[in-house]
Amino acid sequence: MDLFIQLEASPAFPCRWRVDKLAWSERGGPRLARLSTDPRERLPLPPDERPAALAALLGRPLTVYDGEGEPVWWGYVHAVEVPVRGARLGWSLSGLANRVAVVYEERPPDMDWLARPAVTGWVENAASVARYGRKERRVHLPPASPAQAEAAALSWLERLSSPQPALMHGGPGQRGLRLEARGWWETLDWVYYAQPAGLVGYTGGGAVTLNIGYSTTYREYLQAFSPEQAWSASELCVSVGRSGVPDDELGISLVRWNGSAVTETLALWRRTAELTPNARSWMRLDVDPPLPLQPGAGYGVRLRRTGAVSSSAYWHTGAARDPSVPGGLYEWSGTAWVPSTRAEAMVFRLSGERGALEQAADLLRPEKGGQFFSAVSLPPGSGPSLGLYRSGENTALHELKALLDAGDDRGRRLLARVDPGRQLVIHPLPGEDQAELQMAPGGQLCDLYGRPAPLRERAAGRRVLLGGQPAYVTEEEWTPRSGRVLWFG
């Protein structure tokens with residue numbers, strides 16, 4: 001089979017590559033390509049220029065064409081190898097990171113009980129980002145101070161922001177150049193995806209106990225907050241318990257807050273003693289219908305006793321002395337809301353949802369996970385509602401796979417492919433009546449009229465008639481020796 005290589009390198013690398021292997025997957029399309037030069041041919045360029053010229057190919061776009069000039073595989077150069085004095089010298093993008101953040105446990109001096117997880121901001125090498133695109137890494141450290149973590153981030157960045165050579169044993173007959181390319185889909189694994197919208201609250205521990213309805217000065221509390229982005233709240237979790245058996249109800253509400261007064265109750269729940277455990281634990285409350293929150297507006301979570309106070313039967317919740325928590329904790333004095341002197345943050349969690357496809361659209365924006373895609377095409381609808389908040393500890397690829405697994409509005413699993421123009425197309429899994437290819441009795445892949453299917457007719461992610469029955473192809477490979485090999489699932 002005649003295959004031709006287009007490698008967008010500057011300066012050009014004068015070399016005749018041969019294709020050793022091509023692979024495609026149901027999600028992403030082109031996955032892997034392995035190329036090499038004939039070891040019997042003379043290597044290009046003088047020996048002292050060859051390593052640098054080969055390393056300069058990393059990250060460059062590569063396309064494989066068939067004999068009719070049609071693209072069959074496309075992606076970027078991931079790794080290269082060159083023979084050097086009986087060994088092999090290689091470079092790879094696997095270890096590259098031009099944006100680094102450090103995850104650590106912050107422990108204030110002599111205050112171990114205030115230890116909490118922390119993450120530095122991103123530090124980046126702008127020149128490396130301009131050359132290769134954003135490639136991020138989160139590095140984990142043992143307990144450290146913020147200054148130590150920031151210094152570690154800069155140290156890691158200095159070491160990782162350019163590809164480092166690796167020397168490997170050559171072995172007999174390994175004289176030619178080697179090149180490995182990956183599909184553009186993999187670049188979603190280069191960056192982490194964070195979505196701060198969809199969550200407010202404090203869950204860092206409640207060392208302070210707030211008694212609710214114990215006395216007139218311990219009657220009710222309000223934790224204020226203001227979202228930074230617009231989203232809809234769908235679930236409220238509060239940490240509550242009781243002492244004794246109160247004969248009234250605990251009122252839990254979401255309210256509008258103007259900084260000194262409650263102006264409107266937006267959602268209200270009442271819980272009796274029978275529904276509240278003695279020990280403090282999480283209580284989950286559905287916000288139905290979901291409550292739209294506006295950026296910059298004032299809101300609050302309010303806990304109050306609905307009946308008379310009692311020092312022998314009351315409710316309680318958790319709080320913490322943490323002035324870094326925005327919003328502020330307030331308590332009712334009997335005549336007005338005043339800042340609490342007992343704590344600064346009440347333990348609660350308010351979360352929201354958004355359609356899976358709406359979330360995918362945000363994740364695939366160029367400044368987030370879609371830095372290499374020319375466009376994104378999504379099916380109609382918003383998809384099932386899923387939790388919106390993302391902490392940033394997972395890559396964009398990890399998060400996108402979960403969103404696609406959730407399916408579309410009709411419950412169909414979603415696939416994705418990157419076309420030759422680098423447009424990412426998300427579409428439903430084809431139905432069993434949508435087979436476009438068939439396997440001939442001799443094992444050759446053909447169209448429905450029995451004509452041999454060219455290599456550009458991708459099988460991965462499609463239905464193929466196998467013995468007259470539709471079968472779904474998850475992976476596909478081609479080598480000069482074995483031809484096309486399909487995996488069904």
Side-chain angles (χ1 to χ4, degrees), residues 1-25 28-47 49-84 88-94 96 131-133 163 173-187 372-374 417-424 445 452-460 475-485:
M1 178 182 292
D2 292 330
L3 295 175
F4 304 94
I5 313 301
Q6 178 183 347
L7 181 54
E8 299 177 25
S10 180
F13 192 80
C15 178
R16 290 198 302 173
W17 295 103
R18 64 184 183 183
V19 179
D20 298 325
K21 180 179 181 178
L22 299 175
W24 302 260
S25 184
R31 180 177 63 83
L32 175 71
R34 288 189 177 137
L35 283 63
S36 65
T37 61
D38 190 331
R40 296 168 297 182
E41 292 187 3
R42 183 177 180 180
L43 294 177
L45 303 178
E49 298 178 14
R50 201 176 295 145
L54 195 62
L57 299 180
L58 291 176
R60 300 302 187 187
L62 181 147
T63 305
V64 180
Y65 293 89
D66 63 15
E68 298 178 10
E70 296 292 334
V72 299
W73 195 98
W74 45 92
Y76 66 93
V77 177
H78 175 76
V80 290
E81 290 181 18
V82 59
V84 177
R88 299 192 68 82
L89 189 63
W91 293 263
S92 169
L93 293 181
S94 293
L96 177 78
R131 167 63 179 83
Y132 300 104
Q174 298 186 16
R175 297 180 55 193
L177 305 178
R178 292 180 183 173
L179 182 151
E180 181 178 300
R182 303 278 179 89
W184 295 108
W185 173 256
E186 184 169 302
T187 62
F372 291 104
F373 302 132
S374 61
R417 68 175 188 273
V418 181
D419 69 18
R422 282 197 233 167
Q423 177 180 220
L424 178 62
L445 190 65
L455 193 57
R456 61 178 177 269
E457 283 285 350
R458 167 187 153 212
E475 302 285 336
E476 177 181 5
E477 286 187 2
W478 176 89
T479 62
R481 183 173 183 177
S482 303
R484 299 176 85 160
V485 179

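In this text the structure is predicted, and so the values were computed from the model without any measurement.
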Trainee: Which pair of heavy atoms, one from E477 and one from A23, lies closest together, and at what distance?
Mentor: CG-CB, 3.9 Å
Trainee: If you measure from CG on L58 to OH on Y76, what distance do you get to the nearest 0.5 Å?
Mentor: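 Here the rounded value is 10.0 Å.
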Trainee: Can you list everything that forms a side chain to side chain donor-acceptor pair (under 3.5 Å) with R481? Sequence neighbours excluded, please.
Mentor: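 Testing R481 for side chain to side chain donor-acceptor pair (under 3.5 Å), a comparison that skips the adjacent residues, returns none.
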Trainee: Is the closest side-chain heavy-atom distance between D66 and D2 below 4.5 Å?
Mentor: no
Trainee: For G421 and S374, work out which heavy atoms get closest and say how close.
Mentor: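 So the minimum-distance heavy-atom pair works out to O-OG, 2.8 Å.
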Trainee: Please assess R34 against E180 for the test salt bridge (Lys or Arg N to Asp or Glu O under 4.0 Å), listing each intermediate value before the final yes or no.
Mentor: CA-CA 5 Å; R34 288 189 177 137; E180 181 178 300; 3.6 Å; yes
Trainee: For side chain to side chain contact (heavy atoms under 4.5 Å, CB included), just list the numbers for L22 and L455, CA-CA rounded to whole Å, side-chain angles, deciding distance to a tenth of an Å, and then say yes or no.
Mentor: CA-CA 10 Å; L22 299 175; L455 193 57; 4.1 Å; yes
Trainee: Could you verify whether a donor N or O on one side chain and an acceptor N or O on the other, from Q6 and T63, lie under 3.5 Å apart?
Mentor: no
Trainee: Apply the test side chain to side chain contact (heavy atoms under 4.5 Å, CB included) to residues D20 and T479: give CA-CA distance (whole Å), side-chain angles for both, the deciding distance (0.1 Å), then the verdict.
Mentor: CA-CA 6 Å; D20 298 325; T479 62; over 6 Å; no
Trainee: Kindly indicate, with the supporting measurements, whether the criterion side chain to side chain contact (heavy atoms under 4.5 Å, CB included) is fulfilled by V64 and F4.
Mentor: CA-CA 6 Å; V64 180; F4 304 94; over 6 Å; no
Trainee: Would you find a donor on one side and an acceptor on the other, under 3.5 Å apart, between the side chain of R182 and the backbone of H78?
Mentor: no
Trainee: Calculate, to the nearest 0.5 Å, the distance between atoms CG and CG belonging to L179 and L7 respectively.
Mentor: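 With rounding to 0.5 Å, CG (L179) is 7.0 Å from CG (L7).
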Trainee: List for me each residue that meets ring-ring contact (aromatic ring centres under 6.0 Å, His included) alongside W478, sequence neighbours excluded, and say none if there are none.
Mentor: none
Trainee: Which pair of heavy atoms, one from P51 and one from L89, lies closest together, and at what distance?
Mentor: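 Answer, listing the atom of P51 first, then L89: CB-CD2, 4.3 Å.
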Trainee: To the nearest 0.5 Å, how far apart are CD in Q423 and CZ in F373?
Mentor: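 Q423 CD to F373 CZ: 11.0 Å, rounded to 0.5 Å.
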Trainee: Given salt bridge (Lys or Arg N to Asp or Glu O under 4.0 Å), test R31 with E476 step by step and report yes or no.
Mentor: CA-CA 9 Å; R31 180 177 63 83; E476 177 181 5; over 6 Å; no
Trainee: Taking only residues two or more places apart in sequence or in another chain, which ones pass side-chain contact (heavy atoms from CB on, under 4.5 Å) with A55?
Mentor: W91
Trainee: Does a donor on one side chain and an acceptor on the other come within less than 3.5 Å for T37 and R18?
Mentor: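 No - no donor-acceptor pair under 3.5 Å links their side chains.
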Trainee: Between L3 and W73, is the side chain to side chain contact (heavy atoms under 4.5 Å, CB included) condition met? List the steps.
Mentor: CA-CA 10 Å; L3 295 175; W73 195 98; over 6 Å; no
Trainee: For Y65, give me all partners under ring-ring contact (aromatic ring centres under 6.0 Å, His included), at least two apart in sequence or on another chain.
Mentor: none
Trainee: How would you list, by chain and number, every residue that makes a side chain to side chain donor-acceptor pair (under 3.5 Å) with R16, sequence neighbours excluded?
Mentor: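 For R16, the residues satisfying side chain to side chain donor-acceptor pair (under 3.5 Å) (neighbours in sequence not counted) are E41.
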Trainee: Using a 4.5 Å cut-off on heavy atoms from C-beta on, say whether the side chain of P14 contacts that of L45.
Mentor: yes
Trainee: Which heavy-atom pair separates R484 from P454 by the least distance, and what is that distance?
Mentor: NH1-O, 3.0 Å
Trainee: Identify the two heavy atoms, one from V418 and one from W74, that lie closest to each other, and give their separation to 0.1 Å.
Mentor: O-NE1, 2.9 Å
Trainee: Got a second to check how far T187's OG1 is from L93's CG, nearest 0.5 Å?
Mentor: 11.0 Å
Trainee: Tell me whether E8 is salt-bridged to R60, with the criterion being a basic N under 4.0 Å from an acidic carboxylate O.
Mentor: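 No salt bridge links E8 with R60.
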Trainee: Please give me the minimum heavy-atom distance between L445 and A459, naming the atom from each residue.
Mentor: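 Distance-wise, the nearest heavy atoms are CD2-CB, 3.9 Å.
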Trainee: Output yes when a side-chain donor or acceptor of W184 lies under 3.5 Å from a complementary backbone atom of P30, and no otherwise.
Mentor: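 No; zero donor-acceptor contacts below 3.5 Å.
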Trainee: What is the distance from atom NZ of K21 to atom OG of S36, rounded to the nearest 0.5 Å?
Mentor: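 One finds 13.5 Å between NZ of K21 and OG of S36.
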Trainee: Is W24 reaching over with its side chain to a backbone N or O of V72, donor-acceptor style, under 3.5 angstrom?
Mentor: yes
Trainee: Apply ring-ring contact (aromatic ring centres under 6.0 Å, His included) to Y132 and list each qualifying residue two or more places apart in sequence or on a separate chain.
Mentor: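 By the ring-ring contact (aromatic ring centres under 6.0 Å, His included) rule, Y132 matches no residue at all.
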Trainee: First locate atom OG of S25, then atom CG of L32, and finally report the distance between them rounded to the nearest 0.5 Å.
Mentor: 11.0 Å
